[in-house]
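What follows is a short report on a single structure.
Note that the coordinates shown come from a computational prediction; the quantities given were computed from them, not determined experimentally. We're numbering straight along the sequence, starting at 1.
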Amino acid sequence: MVNEDPNLEERDGTPGQEAAFRADPSLSAHPSVSAHPSVSTEPSVSAHPSVSFHPSFSANPSSSAFPSTLAPGVLAQPSSSGPEELSTIKVSKRRWVVVLVFSCYSMCNAFQWIQYGSINNIFMNFYGVSAFAIDWLSMCYMLTYIPLLLPVAWLLEKFGLRTIALTGSALNCLGAWVKLGSLKPHLFPVTVLGQVICSVAQVFILGMPSRIASVWFGANEVSTACSIAVFGNQLGIAAGFLVPPVLVPNIKDQDKLAYHISIMFYIIAGVATLLFILVIIVFKEKPKHPPSRAQSLSYSLATTDASYLSSVIRLFKNLNFVLLIITYGLNTGAFYALSTLLNRMVILHYPGEEVNAGRIGLTIVIAGMLGAMISGIWLDRSKTYKETTLAVYVMTLVGMVVYTMTLSLGHLWVVFVTAGTLGFFMTGYLPLGFEFAVELTYPESEGISSGLLNMSAQVFGIIFTISQGQIIDNYGTMPGNIFLCVFLTLGAALTAFIKADLRRQKANKETPENVVPGFHCCNQVLVHVGQVGYASLGLSAQPPSFWSFGNGTD
């Protein structure tokens, strides 16, 4: 019986691998379990009370079939989550607290990413450095992510969500406090150090939205939950555009300027500290029961001998996912470049409008947050991942073209409108990419797929930011924005070639009641479960050759 009542009591799960069948001559079905014609697809299989498993049965999946597989002769290790817990589908009431806390410390980290770029000219004057040096305070977030992605993704698989959440929030807090030691014009290296620490924290944050959504939320909530998790990051960017121009005015007196900068740094350090404490108190690894059939199947396939490298290799053999990596990188990289250089572009056409430049950035992100929420809700209802992603991508290109044409018209209100329209689609695309990636790569780890998307975004972000910055300095803002339009056109074209292979949806929809009316022996039950599991992943619906069955009867 599948139970998805969110009001039922739950206990917090613990890290570790879930129990699997063990090859044991004495293993028999529990006498209190009856053979019902509707066979559960969940890892714990019901059988007739008089039926015993044959001694020759083994549960050793081939290492080529799944992301987390057993090596020859190695059996999955049992853990605190037994078959009964895995067979019950139930969403946890704690799930909303977890995603909210994550969203908040992600917001704090994103604020620190853009807090320098949104008042680029003010920090240039305070520290006496070039615009390019201030740009690197944003780009270090992108640069740090690239070499640290795979190690952090491995840590996520090895130690779980709670450890990664604690590490990310702790580093974010540490970086915020280090920046308080940089309140003199000659201490620019200290603020660089604090920003680098925050950039390392970002590596522990960006890949988590889809993982949290899958581990904690039901099948009809994952896209909405992923949007909420991404929502926090976007809200932080919005605050990063809005707050610094208000707290730090463009004044010549260095002492007064240092005082205003210190207010901003103290506020963000206090918030980061509070959020770190909240993560310690409320953030848990996972719920007691899996929230969806797909997650239950994912647990049952997990082993302590999972090959992390082979999972990455399989992902790069998935052509649809490779295309998504490229298109996501082009779109998100363009957003990173636009965000980093927005202050410079607006000031060139509207001198003295630092506050309005921040408000334009705020408009872009707020509109994008609305787009992200609408996209998440729409995906949960329609499941049209390919169509929605392509439509949003095309509209992002249209928005970028219109923004490019109107930036230099001399009417600031027009820039607000066109920038908001661009933001609605450009940043609204972010959770779409995460969720589409999970669908294309299931049952591979969400942390790895999301991490690869983010790495692509960082690479393109650095390339676009440096290139567009140089084009703006030498030729003006319009050629710089046309440069981004060209690559967004390429991304939209490549998106059209992605095939909508929605593997997670297949796993969630597949039920044995719709396939076979009933079984009368244990062997048939096990064969059927193997067929259902493989069919749901788009693989051969034949039972694996490494499963051997005895001749048990009723």
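Although no hydrogens or angles enter the test, the distance criterion places no donor-acceptor pair under 3.5 Å between the side chain of Asn109 and the main chain of Ala201. With Ser118 contributing its side chain and Gly240 its backbone, the two residues share a donor-acceptor pair below 3.5 Å. Counting only distance, with no hydrogens or angles, the side chain of Ser456 and the backbone of Ile325 share a donor-acceptor pair below 3.5 Å. Side-chain N or O atoms of Lys386 include one that pairs as donor or acceptor with a backbone N or O of Ile498 at under 3.5 Å. Under a 3.5 Å cut-off, the side chain of Ser106 and the backbone N or O of Phe102 do not form any donor-acceptor pair. Of the possible polar contacts, none joining the Thr465 side chain to the Ile462 backbone as a donor-acceptor pair under 3.5 Å is found. Judged purely by atom type and a 3.5 angstrom limit, Ser467 has no side-chain atom pairing as donor or acceptor with the backbone of Phe464.
The aromatic rings of Trp136 and Phe132 lie perpendicular to each other, with more than 60° between the two planes, well past the 30° mark. Using cut-offs of 30° and 60° on the angle between ring planes, the pair Trp113 and Tyr141 is tilted.
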Leu137 and Ile134: CA distance, side-chain angles, deciding distance, side-chain contact (heavy atoms from CB on, under 4.5 Å) verdict: CA-CA 5 Å; Leu137 291 176; Ile134 301 299; 4.1 Å; yes

side-chain contact (heavy atoms from CB on, under 4.5 Å) assessment of Phe159 paired with Ile164: CA-CA 8 Å; Phe159 298 104; Ile164 297 301; 5.7 Å; no

Val200 vs Val152, side-chain contact (heavy atoms from CB on, under 4.5 Å): CA-CA, chis, key distance, verdict: CA-CA 10 Å; Val200 175; Val152 171; over 6 Å; no

Candidate pair Phe436 and Thr388, rule side-chain contact (heavy atoms from CB on, under 4.5 Å), full reasoning: CA-CA 10 Å; Phe436 199 14; Thr388 303; over 6 Å; no

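Contact of the Val394 side chain with the Leu397 side chain is not registered, since no non-hydrogen atoms from C-beta on lie closer than 4.5 Å. At a threshold of 4.5 Å between non-hydrogen side-chain atoms, the residues Leu235 and Val365 do not count as touching. With contacts defined as side-chain heavy-atom distances shorter than 4.5 Å, the pair Ile212/Phe283 qualifies. Taking the side chain as every heavy atom from C-beta outward, Thr163 and Lys158 never approach each other to under 4.5 Å. Residues Leu432 and Val392 meet the side-chain proximity criterion, which asks for heavy atoms closer than 4.5 Å. Annotation: side chain of Leu143 is not in contact with side chain of Gln458 (no heavy-atom distance under 4.5 Å). Side-chain contact check for Val402 versus Leu422: every heavy-atom pair is 4.5 Å or farther apart. In this structure, the side chains of Phe321 and Ser449 come closer than 4.5 Å at one or more pairs of heavy atoms.
Distance OG1/Thr340 to CE/Met139: 7.5 Å, rounded to 0.5 Å. Atom-to-atom distance recorded for Leu370:CG and Gln234:CD is 12.5 Å, nearest 0.5 angstrom. With rounding to the nearest 0.5 Å, the separation of CD1 in Ile471 from CG in Asn481 is 9.5 Å. Taking CG of Asn331 as the start and CZ of Phe460 as the end, the distance is 11.5 Å to the nearest 0.5 Å. Atom OG1 in Thr396 sits 12.0 Å away from atom CG in Leu330 (nearest 0.5 Å). With values rounded to the nearest 0.5 angstrom, Thr404 atom OG1 is found 8.5 Å from Met345 atom CE.
For Arg344, the salt bridge (charged side-chain N to carboxylate O under 4.0 Å, His left out) test picks out Asp135, Asp473, with sequence neighbours left out.
Across all their heavy atoms, Ile472 and Gly480 have their closest contact at CG1-CA, 4.4 Å. Here the closest heavy-atom approach between residue Thr427 and residue Ile364 is recorded as OG1-O, 3.9 Å. The shortest non-hydrogen separation linking Ala496 to Leu390 is N-CD1, 4.0 Å. Summarising the geometry of Gly433 relative to Leu453, their closest heavy-atom pair is O-CD1, 3.4 Å, with the distance given to 0.1 Å. Here the closest non-hydrogen pair linking Thr327 and Gly491 is CG2-O, 3.3 Å. Between Gln112 and Gly175, the shortest heavy-atom contact is OE1-C, 4.4 Å.
For the pairing with Ile237, the side chain to side chain contact (heavy atoms under 4.5 Å, CB included) check across Phe111, Phe335, Tyr336 returns one residue only, Phe335.
If you check the side chains of Asn172 and Gln202, you find no donor sitting under 3.5 Å from an acceptor.
Ring pair Tyr393/Tyr429: centre-to-centre distance below 6.0 Å.
Residue pairs meeting the side chain to side chain donor-acceptor pair (under 3.5 Å) criterion with at least one member in residues 143-153, sequence neighbours excluded, are Thr144-Ser199, Tyr145-Asn454.
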